[in-house]
Amino acid sequence: MATPYVTDETGGKYIASTQRPDGTWRKQRRVKEGYVPQEEVPVYENKYVKFFKSKPELPPGLSPEATAPVTPSRPEGGEPGLSKTAKRNLKRKEKRRQQQEKGEAEALSRTLDKVSLGETAQLPSAPQGSRAAPAAASEQPDSAVSTEKAKKIKSLKKKLRQVEELQQRIQAGAISQPSKEQLEKLARRRALQEELEDLELGL
């Protein structure tokens, strides 16, 4: 903040009187010629700081125009500045997505083949689009249900395997006093087996 100066008729400079926080006033002070208040004194910078401030950002001989239009090149298959593992993961994800799209396209083409073959055998007078859409729509939920069943079967098998391992550890004496949760896990074994059998028969 610049110091407020007051100039009188004789040409002398004064620092204006200011009020203290307690309400009293400071006297105005006369300022000699060439005086620079503390807050207006420039900060001292040694020669190294001055050198680095004046140093150009570009290497010697390189003009700023040459670097302006150049945009950073993006590495293939990812964002700039990614690590090797991140790039690898992006490639895997992209490959997985392409395979999934390819599988969906194949399933759709098979469905269309079935529908078109079935329509030629049935009534030729019925419009093809009206039957193709419901058949394609019914195919997708079936595949979703089958993948959901497969996941459920896998998780049930995992739970059964854990129960069997717990049973073996108790019988071997590794666990002398099983906890309440472990006993509940053992009690659920029969229910898990029945649920797994039902799901497998449903497939």
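As a basis for the values below, the full set of heavy atoms in this structure was taken, side chains included, without hydrogen atoms, waters or symmetry mates. A quick note: this is a predicted structure, and the numbers were derived from the prediction, not measured.
- Residues Lys93 and Arg97 have side chains not in contact (no heavy-atom distance under 4.5 Å, counting atoms from C-beta outward).
- Annotation: Arg29, atom CZ; neighbour count of heavy atoms from other residues, nucleotides and ligands within 6.0 Å does not exceed 12.
- Across all non-hydrogen atoms, the minimal contact from Val163 to Leu186 is O-CD2, 3.9 Å.
- In this structure, Lys185 NZ and Lys159 NZ are separated by 9.5 Å, a value rounded to the nearest 0.5 Å.
- Between the side chain of Thr24 and the backbone N or O of Arg20, no donor-acceptor pair lies under 3.5 Å.
- One distance of note links CD of Glu45 with NZ of Lys53; it measures 3.5 Å at 0.5 Å rounding.
- Taken from CD in Gln100 to NZ in Lys102, the straight-line distance is 14.0 Å, to the nearest 0.5 Å.
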Practice task
Show your reasoning for whether side-chain hydrogen bond (donor to acceptor under 3.5 Å, both in side chains) applies to Arg190 and Gln193.
Solution key: CA-CA 5 Å; Arg190 186 69 207 137; Gln193 285 176 337; 2.9 Å; yes

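- The CD1 atom of Ile170 sits 6.5 Å away from atom CG of Leu183, with the distance rounded to the nearest 0.5 Å.
- The two residues Arg26 and Ser17 come nearest to each other via the heavy atoms O-CB, 2.9 Å.
- Residue Thr18 holds its OG1 atom at 11.0 Å from CD of Gln28, rounded to the nearest 0.5 Å.
- Within the 4.5 Å cutoff, the side chain of Lys91 has no heavy atoms near those of the Lys95 side chain.
- Going from atom NZ of Lys157 over to atom CG of Leu199 covers 10.5 Å, rounded to the nearest 0.5 Å.
- Surrounding CD of Gln177 are at most 12 heavy atoms belonging to other residues, nucleotides or ligands under 6.0 Å away.
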